[in-house]
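Heads up: the structure comes next, in structure tokens.
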Amino acid sequence: MIIGGMHELTLFYNTDPVNSYEFFPPKDNGQPRLSPFLARTPPVNLFPRAFALPDGKVFMIANNQTIIYDVETNTETRLPDIPNGVHVTNPFDGTATLLPLRPPYYVPEVLVCGGSNSSDTLSSEQLDSQDPASDQCSRLVLTPQGIERGWAVEHMPVGRMMSEMLLMPDGRVLIISGGATGYAAVASVANAVDGNSNCDHPTFKPLLYNPNAPAGQRFDDKSIPATDIPRLYHSVVTLTPNG
């Protein structure tokens, strides 16, 4: 499933968005499916996050909005927005994951962290590489009861822009890399670092999140040593074969 995109190069916001889905192998004789969700979420909707759910539907995040998409019926069900005006897709990149599915019911729950509280109505020239990234993490259980309860909010020790998440073998979540201020994209906000980087203050210290710990005790920034290598744009993280 191929979600969104843009028609032409843009330095910052998605000003000419592709508001549709496509599939490979093709569905619908190769015709794209128009998406009201993607049409609502510019200009901060590049690199939307999507997770396949146990029932075959797809959870998606773009900007500060979320939906569940039914591929078979081509219907979008709007879910609660991410709280407190936090935006989490490019160029206000947060990070997200589907938390580990556990027997016997395999109830899906998503975790969304970081991003930016800045308004997406501001021009890029009104934004600054020193604007703080959001420290918010939000969790939503993707059942009718969980959706009715809405997002549960907690806060990381520092804000993070362009971080990565990785599920660990023990069920914890590693949050790593990124910066504490600024935005994604390049050379398009005030005070870009060396005239290029919209993001600054690399977050050298990895963070472990235990989804099963009591609220207020889930973040651990002491178990893993800090790196001295900034990893912002285009960095990735993966487990080695032995975990």
Count I, L, V, M, F, W, Y as connected when their side-chain heavy atoms are under 4.5 Å apart, and connections chain through other members. Are [X] and [Y] then in the same cluster?
{"X": "Leu167", "Y": "Leu207", "result": "yes"}
{"X": "Ile176", "Y": "Leu239", "result": "yes"}
{"X": "Leu79", "Y": "Leu98", "result": "yes"}
{"X": "Val18", "Y": "Ile2", "result": "no"}
{"X": "Val186", "Y": "Met162", "result": "yes"}

Would you say the side chain of [Y] lies within less than 4.5 Å of the side chain of [X], judging by non-hydrogen atoms?
{"X": "Arg231", "Y": "Val237", "answer": "no"}
{"X": "Val71", "Y": "Lys27", "answer": "yes"}
{"X": "Leu127", "Y": "Phe92", "answer": "yes"}
{"X": "Val110", "Y": "Thr66", "answer": "no"}
{"X": "Leu140", "Y": "Leu142", "answer": "yes"}
{"X": "Arg33", "Y": "Phe23", "answer": "yes"}
{"X": "Arg49", "Y": "Asp93", "answer": "yes"}
{"X": "Asp16", "Y": "Met6", "answer": "no"}

State, to 0.1 Å, how close [X] and [Y] come at their nearest heavy-atom pair, and which atoms those are.
{"X": "Pro225", "Y": "Pro206", "value": "O-CD, 3.5 Å"}
{"X": "Gly5", "Y": "Asn14", "value": "O-ND2, 3.1 Å"}
{"X": "Ile147", "Y": "Ile68", "value": "CD1-CD1, 4.4 Å"}
{"X": "Pro17", "Y": "Thr15", "value": "CD-C, 3.5 Å"}
{"X": "Leu38", "Y": "Asn19", "value": "O-OD1, 3.1 Å"}
{"X": "Phe12", "Y": "Val189", "value": "CE1-CG1, 3.8 Å"}

Going from [atom1] on [X] to [atom2] on [Y], what distance comes out if it is rounded to the nearest 0.5 angstrom?
{"X": "Leu208", "Y": "Lys222", "atom1": "CG", "atom2": "NZ", "value": "12.0 Å"}
{"X": "Arg218", "Y": "Met156", "atom1": "CZ", "atom2": "CE", "value": "14.5 Å"}
{"X": "Glu164", "Y": "Leu174", "atom1": "CD", "atom2": "CG", "value": "10.0 Å"}
{"X": "Thr227", "Y": "Lys205", "atom1": "OG1", "atom2": "NZ", "value": "12.5 Å"}
{"X": "Ser188", "Y": "Asn196", "atom1": "OG", "atom2": "CG", "value": "10.0 Å"}
{"X": "Ile175", "Y": "Met165", "atom1": "CD1", "atom2": "CE", "value": "4.5 Å"}

Under 3.5 Å, is there a donor-acceptor pair between the [X] and [Y] side chains?
{"X": "Ser35", "Y": "Glu76", "value": "yes"}
{"X": "Gln136", "Y": "Asn84", "value": "yes"}
{"X": "Tyr183", "Y": "Ser118", "value": "yes"}

**Report entry** Reference residue Asn191; test side-chain hydrogen bond (donor to acceptor under 3.5 Å, both in side chains); the match among Thr181, Asp128, Asp131, Asp200
**Finding:** Asp128
Should the heavy atoms of other residues, nucleotides or ligands under 6.0 Å from [atom1] of [X] be counted, would the total exceed 12?
{"X": "Phe51", "atom1": "CZ", "result": "yes"}
{"X": "Asn242", "atom1": "CG", "result": "yes"}
{"X": "Leu101", "atom1": "CG", "result": "yes"}

Measure from the side-chain N and O atoms of [X] to the backbone N and O of [Y], and report whether any donor-acceptor pair falls under 3.5 Å.
{"X": "Tyr233", "Y": "Ala185", "value": "yes"}
{"X": "Ser138", "Y": "Ala152", "value": "no"}
{"X": "Thr203", "Y": "Gly178", "value": "yes"}
{"X": "Asp120", "Y": "Pro43", "value": "no"}
{"X": "Asn64", "Y": "Val86", "value": "no"}
{"X": "Asn198", "Y": "Ala187", "value": "yes"}
{"X": "Arg160", "Y": "Gly94", "value": "no"}
{"X": "Thr89", "Y": "Asn63", "value": "yes"}
{"X": "His155", "Y": "Cys137", "value": "no"}
{"X": "Gln217", "Y": "Pro214", "value": "no"}

Report task. List the steps, then state whether side chain to side chain contact (heavy atoms under 4.5 Å, CB included) holds for Arg102 with Asn212. Result -> CA-CA 12 Å; Arg102 299 183 182 278; Asn212 300 311; 3.0 Å; yes
Query raised in the report: side chain to side chain contact (heavy atoms under 4.5 Å, CB included) between Leu99 and Val173: does it pass, once the steps are laid out?
Result: CA-CA 8 Å; Leu99 292 174; Val173 180; 3.8 Å; yes
Requested in this report: Kindly determine whether Glu154 and Arg139 satisfy side chain to side chain contact (heavy atoms under 4.5 Å, CB included), including the steps that lead there.
Outcome: CA-CA 9 Å; Glu154 40 200 336; Arg139 287 173 63 166; 3.5 Å; yes
Query raised in the report: Given Arg40 and Ile67, is the side chain to side chain contact (heavy atoms under 4.5 Å, CB included) satisfied, shown in steps?
Result: CA-CA 12 Å; Arg40 286 195 307 270; Ile67 64 164; 3.9 Å; yes
Query raised in the report: What do you reckon, are the aromatic ring centroids of Tyr69 and Phe37 less than 6.0 Å apart?
Result: no
